[in-house]
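Start at 1 with the first residue, then count along the sequence.
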Amino acid sequence: MKAWLQELPLSAEQLQALAHDEDPCERLIEKNWCSAEEILRVESVYYQCPSLSLRRYQPDLNVVRLLTEQQARRVRAIPLFRVDDHLYLATSDPENLQAQDFVAQLTGLVVEPVVALASEIDEALTRFLLSSEQSNQTLNAITAAVKEDKGLQQKTEVLENREIPTVKLVDHLITQSIRLGSSDLHIEPFADKVLLRYRIDGHLREFAGPPRAIYEAIVSRIKISSGLDIAERRIPQDGRASILVDEKKYDLRVSVIPNLHGEGIVMRILNPHAVQMDLKSLGFEPELLKRYELILTRPHGVVLVTGPTGSGKSTTLYATLNKIMDLSKKIITLEDPVEYQLPNVTQIQVQPEIGYTFAQGLRAVLRHDPDVVLVGEIRDLESAQIAIRAALTGHQMFSTLHTNDAPQAITRLMDMGIPLYQLQAALNGVLAQRLVRKLCKSCRELAPPSQQMLQALGIASDEVPIFRAQGCKECNGSGYKGRVAVHELLDFSPALRRVPEAQAQEIPSIAAAEGSFFPIRDSLASKVAKGMTSVQEALNLLSLEG
């Protein structure tokens with residue numbers, strides 16, 4: 001246990017919970033046991049050195065670049081400024097003399113520690129060392145080494161050696177993507193260039209790409225690490241890989257597809273460290289969460305989560321399973337693919353290419369005496385029928401469906417061939433989910449939009465302060481940083497189970513009238529009112545919905 005924790009106003013139980021944390025600051029803030037300011041104040045007194053919050057601090061960029069990104073992340077510290085021959089270094093562990101000696105030897109300066117939060121150091125390193133300019137410099141340095149090593153580009157059997165320039169280049173592209181918080185990495189060849197883009201907060205952003213001349217070597221490296229056939233260039237291929245970044249393992253889903261100028265590559269980055277297993281942390285409004293948790297108490301029936309690809313459906317379902325987790329229940333999942341491993345849950349990956357589909361897997365699973373079954377997606381009539389029958393025979397079923405909103409799930413299933421009376425007997429609820437960008441807290445500004453825009457969301461302009469995006473270095477000029485989920489919930493109440501088929505289209509209005517339908521507009525209005533997102537972002541989503 002960190003000795004300075006004893007100086008904080010914590011209970012014995014709280015101290016015990018932090019006993020084995022190497023860096024307890026993040027948990028202290030997450031649990032709301034202490035503020036960041038209080039932690040820094042106590043650490044400053046304990047270590048007898050100054051403290052600093054890096055959230056809005058602008059260091060001397062010339063001093064920051066005394067260390068390369070790799071060196072700075074190795075010691076988890078960032079140079080701030082220098083006075084004569086003294087270098088002031090932000091570090092989360094002022095007692096780490098080995099790291100300070102390393103920096104002193106590199107720079108030839110006397111190191112003066114300044115205590116800062118580890119999470120803020122990581123963010124500052126990304127902010128100041130992963131700019132487009134810095135990225136381009138790093139890429140050029142590695143590319144020069146690749147060009148000097150042309151012989152190795154042909155020897156694919158040695159491309160597993162991480163010291164080879166081609167391997168370093170690919171690792172740099174993936175590592176940069178992860179540190180920027182992107183969900184997908186896109187590399188696409190054209191006649192005279194390679195286009196590199198990262199999907200950050202749902203939007204693609206271009207970064208300097210590698211030279212066209214070495215692109216084939218990059219593709220070979222990625223194929224080898226993903227278990228793909230490097231000789232096959234005519235048909236699409238899918239594979240998986242993993243990489244260790246900042247002592248954390250990330251899984252990669254790799255898709256290679258031929259195009260006019262070569263093979264395009266997309267990598268989906270699966271970050272198990274970012275998966276929230278608590279429903280309360282997923283952005284639910286209190287009343288909606290209360291109703292959703294009430295739905296989960298029903299012993300049998302189907303709960304569907306709808307939304308487009310990348311809207312966080314899997315995360316919500318994992319958090320849902322975590323909520324109802326009980327060793328007295330047998331929980332089995334059928335997924336394609338299994339993205340994250342869950343404790344005490346039997347997880348099965350379907351393989352459609354060999355005929356092992358969701359429907360076939362579901363039949364087998366139901367013979368395995370489960371209490372709860374999660375099916376990755378209802379794709380056809382067969383899997384829908386089996387799921388409905390399983391719910392009617394006493395199982396809790398969870399699955400996803402691709403529809404624009406919650407009520408459309410009923411229409412979609414009826415179009416598949418499921419009669420309304422079966423849906424009314426089996427469905428417990430439908431949760432629709434989308435992701436909207438969060439305003440950057442460092443630069444958002446008060447700027448009430450037009451009355452018409454507010455009325456579109458059902459917000460009175462004089463009730464709450466309304467913020468808009470501006471843009472700063474903290475958010476790389478976008479005005480947004482991170483995303484949060486917004487939800488729509490249709491609770492299949494007793495009244496909805498009695499609606500005749502002729503009035504199926506009126507189910508949303510009937511549900512709204514009796515208070516069992518929570519539209520996504522209300523969730524968006526709540527996020528805007530709390531200053532989490534902008535009116536423009538909310539209206540953009542509603543226009544997509546409409």
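Results of the side-chain hydrogen bond (donor to acceptor under 3.5 Å, both in side chains) test with Arg197 over His203, Glu206, Glu188 single out Glu188 as the only residue that passes. Tested against Ile187 for a side-chain contact (heavy atoms from CB on, under 4.5 Å), the candidates Val170, Ile222, Val266 yield a single pass: Ile222. Across Ile78, Leu87, Leu80, a single residue satisfies side-chain contact (heavy atoms from CB on, under 4.5 Å) together with Val63, and that is Leu87.
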Requested in this report: Run the numbers on Tyr88 and Leu52 for side chain to side chain contact (heavy atoms under 4.5 Å, CB included), then give the verdict.
Outcome: CA-CA 11 Å; Tyr88 288 81; Leu52 179 67; over 6 Å; no

**Report entry** Derivation of the side chain to side chain contact (heavy atoms under 4.5 Å, CB included) call for Leu270 and Arg240
**Finding:** CA-CA 11 Å; Leu270 304 177; Arg240 294 180 73 96; 3.9 Å; yes

Requested in this report: Test Ile178 against Ile243 for side chain to side chain contact (heavy atoms under 4.5 Å, CB included), laying out the working first.
Outcome: CA-CA 10 Å; Ile178 290 171; Ile243 188 171; 3.8 Å; yes

Report task. Step by step, work out the side chain to side chain contact (heavy atoms under 4.5 Å, CB included) result for Arg468 and Gln536. Result -> CA-CA 8 Å; Arg468 71 179 178 189; Gln536 190 59 55; over 6 Å; no

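Annotation: side chain to side chain contact (heavy atoms under 4.5 Å, CB included) contacts of Leu435 (sequence neighbours excluded): Arg483, Ala485. Checked against side chain to side chain contact (heavy atoms under 4.5 Å, CB included), Cys472 has the following partners two or more places apart in sequence or in another chain: Cys440, Ser442, Cys443, Glu474, Cys475. With sequence neighbours excluded, no residue forms a salt bridge (charged side-chain N to carboxylate O under 4.0 Å, His left out) with Arg444. Tyr215 meets the ring pair (Phe, Tyr, Trp, His ring centres under 6.0 Å) test with no other residue; sequence neighbours excluded.
Note on residues 99-115: no pairs pass salt bridge (Lys or Arg N to Asp or Glu O under 4.0 Å), not counting sequence neighbours. Within the structure, salt bridge (Lys or Arg N to Asp or Glu O under 4.0 Å) pairs that include any residue of residues 523-537 comprise Glu285-Lys527, Arg437-Glu537 (at least two apart or interchain).
Taking the six-membered ring where tryptophan is involved, the planes of His261 and Phe190 are tilted, since the angle between them lies from 30° to 60°. A parallel orientation is assigned to the rings of His487 and Phe284, their planes being inclined by less than 30° (bins at 30° and 60°).
Between Ser177 and Leu185 the shortest heavy-atom distance is CB-CD1, 3.8 Å. Closest approach of Leu125 and Ala72 over heavy atoms only: CD2-CB, 3.5 Å.
The local environment of CD in Glu26 is sparse, with at most 12 non-hydrogen atoms from other residues, nucleotides or ligands closer than 6.0 Å. Within a 6.0 Å sphere centred on CD of Gln70, heavy atoms belonging to other residues, nucleotides or ligands number 12 at most.
Under a 3.5 Å cut-off, the side chain of Gln237 and the backbone N or O of Asp229 do form a donor-acceptor pair. A donor-acceptor contact shorter than 3.5 Å links the side chain of Gln71 to the backbone of Thr68. Of the possible polar contacts, one joining the Gln100 side chain to the Pro94 backbone as a donor-acceptor pair under 3.5 Å is found.
Between Arg76 and Asp93, none of the side-chain N atoms (NZ, or NE/NH1/NH2) sits under 4.0 Å from a carboxylate O, so this pair counts as no salt bridge. The residues Arg434 and Glu488 are annotated as not salt-bridged, no charged nitrogen and carboxylate oxygen being separated by less than 4.0 angstrom. For the pair Glu69 and Arg65, the salt-bridge criterion is not met [side-chain N within less than 4.0 Å of a carboxylate O].
Using a 3.5 Å distance cut-off with no hydrogens or angles, the side chains of Gln433 and Thr316 do pair a donor with an acceptor. In the model, Gln341 has no side-chain atom that pairs as donor or acceptor with a side-chain atom of Gln347 under 3.5 Å. Thr320 and Tyr292 form a side-chain donor-acceptor contact under 3.5 Å, judged by distance and modelled atom types alone.
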